Amino acid sequence: MEQRRSFIKELLQSKEVDRDVNAKGWVRTKRGNKQVAFVALNDGSTIHNIQVVIDVAKFDENLIKNITTGASLNVHGTLVRSLAQGQSVEIQANKIEIYGVADPEKYPLQKKRHSLEYLREIAHLRFRTNTFGAVFRIRHAMAFAIHKYFNDKKFYYLHTPIVTGSDAEGAGEMFKVSTLDLENIPKTEKGEINYTEDFFGKETNLTVSGQLEAELGATALSNVYTFGPTFRAENSNTPRHLAEFWMIEPEMAFYDIHDNMDLAEDMLKYLIQYALDNCMDDLKFLENRLIEEEKNKPQNEKSDMTLLEKLEFILKDDFVRLTYTEAIDVLKNSKPAKKGKFQFPVEWGIDLQSEHERYLVEKHFKKPVILVDYPKDIKAFYMKQNDDGKTVRAMDILFPGIGEIIGGSQREEVYEKLAARISEMGIPERDMWWYLETRMYGTVPHSGFGLGFERLILFVTGMSNIRDVIPFPRTPKNAEF
RNA sequence: UCCUCAGUAGCUCAGUUGGUUAGAGCACCUGACUGUUAAUCAGGGGGUCGUAGGUUCAAGUCCUACCUGGGGAGCCA
């Protein structure tokens, strides 16, 4: 009877040798001589390859010739203890079938290391590299852990709409959704676009946040979270921004800002612990990769911690919590401020710049920082207004190297205050009637936050460009694949 | 969008004050080698120097515009 296919991960861990096995996967390298060939085979189940040993005399010459880097194989053989160092077990091949060859003169991936920029241009094949295999296995583990975390905490996963009719979030430029003929757009008598003829009969956009809808769910289900794609049509060209990214947005009834911060910190620590418990092989590979990369860097650019040390470090202590006002004081009394080193001067009321956030997180506190109680003028309309009349119950969590990883707030639950803020900020009330009604009927104090999924993955993997932690990045002028 | 650096072989890069036939490592192909680990050793093929224009007797090298990519900034997650 035909042996059933095993994942390479299981074979490598197997203590049971001298048995028939079947492995399927893609060739990473082939080495050898006239008598014996060694093929490193990978099937994505683990970063490690299994070594397939081929007694050349037993196989067709053409078959051996066609086993090149990138080719896909079906290997039947005996799992045996390895005679050489480097691996504990290997497959002594009895039968090999080539599913698909990979012309070695054209195959874009080599056994040697490629730059991440080059691999980005061949995103359809970059999964086949060690680095991206590790990154996307970790990405999966983090997505799974998020659902597990919230499920264990009795949160409900709520699917908020991708297409939205309101443009009130103010979270950035939106992508328009329309079936109107762009060559012949229907106009009203006033000469404006006639959206009543459009698919939804009104102007619609891709979502920039599921928060407002999640709030609606929380006012009945208590604790909900969303986890879905989010779209921002900003012309952002940085290693931290995408036009299409994934966001986790929990929303909790009866949570104040402190409960909110507790949850956010607990969740981040849970996720990092989950990665350490479940992705050690991949993390170790990425750590070594970073160490290799840093060898070529000047001393002052080298990080003082390895990837694993960085992850452990986050778990060790409580995050630092302080108010925006306290943070401004820290910054004003800082060395760079006194020496005039900040490009943007520090003054109460400003939005903190990257350089300020970096100073707080990387120089002053040297650990994650949660800032609360921001000036209301630099924050969104829905945030809970403090009694001082100047600040709102907003919180941002800042991570070393990443910057803002979470942004959230307690929400304004008092109808009059919320309505006043909406009109103050010039948001059309007709778009917000449903949101306001939750404050009219059985309103409750509630809170929530948004976690940028890719920014979490950046931190956990130690990668430095957000385009390398999402399979198919969408950025200005780039929607290939 | 702004600032800045870069674009030379399949990949990573070198190429002097402008000067004759543009180089290296790796990859690939051929050969050698009875257990390799980024295998090793010998040989071979491979280039519209990002694109378009300009300066010059002469441009990979200088100038202009555009395209693409990296880093920084803004917007944010």
Side-chain angles (χ1 to χ4, degrees), chain A residues 28-40 48-57 65 68-70 80 82-87 90 92 102-122 129-130 169-173 208-211 227 229-249 264 292 296 301 343-344 351-355 357-358 378-380 396-399 402-408 449-459 464-470 475-478 480:
Chain A
R28 286 295 175 76
T29 67
K30 185 176 73 171
R31 299 176 288 270
N33 51 45
K34 271 203 173 134
Q35 282 70 35
V36 60
F38 303 94
V39 171
H48 303 295
N49 307 320
I50 198 158
Q51 175 156 282
V52 178
V53 185
I54 301 171
D55 187 347
V56 172
K65 212 176 159 187
T68 58
T69 301
V80 295
S82 181
L83 296 175
Q85 293 195 333
Q87 59 281 315
E90 61 194 15
Q92 191 72 47
D103 183 345
E105 281 203 61
K106 292 185 187 147
Y107 188 61
L109 287 172
Q110 299 167 8
K111 9 186 159 176
K112 227 192 147 174
R113 212 162 106 179
H114 291 291
S115 69
L116 295 172
E117 291 83 12
Y118 171 69
L119 292 171
R120 223 171 278 152
E121 290 168 18
I122 51 165
T129 63
N130 284 334
E169 283 91 342
E173 290 294 310
V208 293
S209 162
Q211 180 202 317
F227 186 177
T230 308
F231 306 88
R232 306 265 167 99
E234 299 287 348
N235 190 10
S236 296
N237 293 288
T238 84
R240 297 183 307 283
H241 289 87
L242 291 164
E244 177 184 282
F245 63 99
W246 289 67
M247 190 153 64
I248 297 101
E249 294 178 290
E292 285 296 315
N296 304 320
E301 282 177 34
Q343 198 191 332
F344 298 88
D351 214 347
L352 295 181
Q353 305 291 317
S354 291
E355 55 176 353
E357 296 181 350
R358 292 189 93 111
I378 58 172
K379 289 292 180 184
D396 282 359
I397 302 188
L398 309 177
F399 258 40
I402 311 288
E404 187 180 338
I405 195 168
I406 279 180
F449 61 82
L451 165 69
F453 186 54
E454 283 77 17
R455 290 196 180 168
L456 172 75
I457 307 302
L458 272 182
F459 186 77
S464 50
N465 193 314
I466 203 163
R467 298 164 196 207
D468 296 330
V469 298
I470 188 167
T475 53
K477 302 271 184 291
N478 189 357
E480 192 70 49

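Side chains included, hydrogens not; waters and symmetry mates left out as well; all remaining heavy atoms used. The shown structure was predicted, so the numbers you read here are calculated from the model rather than taken from an experiment. Every chain is numbered from 1 and lettered A, B, ... according to where its sequence line falls, protein lines coming before strand lines.
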Within the 4.0 Å heavy-atom criterion, would you say T230(A) contacts the bases, only the backbone, or no part of the nucleic acid?
nothing

Checklist entry - Do S236(A) and C75(B) have a side chain to base donor-acceptor pair shorter than 3.5 Å? => result yes

Output field dot_bracket for RNA chain B (Watson-Crick or G-U, both distances under 3.5 Å, | for other-strand pairs) contains (((((((..((((.....[...)))).(((((.......))))).....(((((..]....))))))))))))....

Residue set satisfying side chain to side chain contact (heavy atoms under 4.5 Å, CB included) with P476(A), at least two apart, ordered chain then number -> N235(A), N237(A)

Should the side chain of N237(A) and the base of U1(B) be counted as holding a donor-acceptor pair, with the cut-off at 3.5 Å?
yes

Here the distance between atom P of G71(B) and atom CD of E117(A), to the nearest Å, is 7 Å

Check: When the P atoms of G53(B) and U17(B) are considered, how many whole Å apart are they?
Finding: 28 Å

Check your understanding: Hey, does the side-chain of E234(A) have a donor or acceptor N/O within less than 3.5 Å of a partner on the base of U1(B)?
Key -> no

Categorize R28(A) for me: base, sugar-phosphate, or nothing, with a 4.0 angstrom heavy-atom threshold over every strand shown. nothing

| field | Side chain R455(A) and base C76(B) donor-acceptor under 3.5 Å | value | yes

By side chain to side chain contact (heavy atoms under 4.5 Å, CB included), V80(A) pairs with (sequence neighbours left out) D18(A), T78(A), E90(A), Q92(A)

* Hey, is the side chain of E355(A) pairing donor to acceptor with the base of G72(B) inside 3.5 Å? -> no

Review point. What is the nucleic acid contact for Q87(A), judged by heavy atoms within less than 4.0 Å: base, sugar-phosphate only, or nothing?
Key: base

>> Looking at the base of C76(B), is there any donor atom on it, or on the side chain of H241(A), that sits under 3.5 Å from an acceptor on the other one?
In response: yes

Self-check item: Exercise: do R232(A) and T230(A) side chains pair donor with acceptor under 3.5 Å
Solution: no

Polar side-chain contact E105(A)-G10(B) base: donor and acceptor under 3.5 Å: no

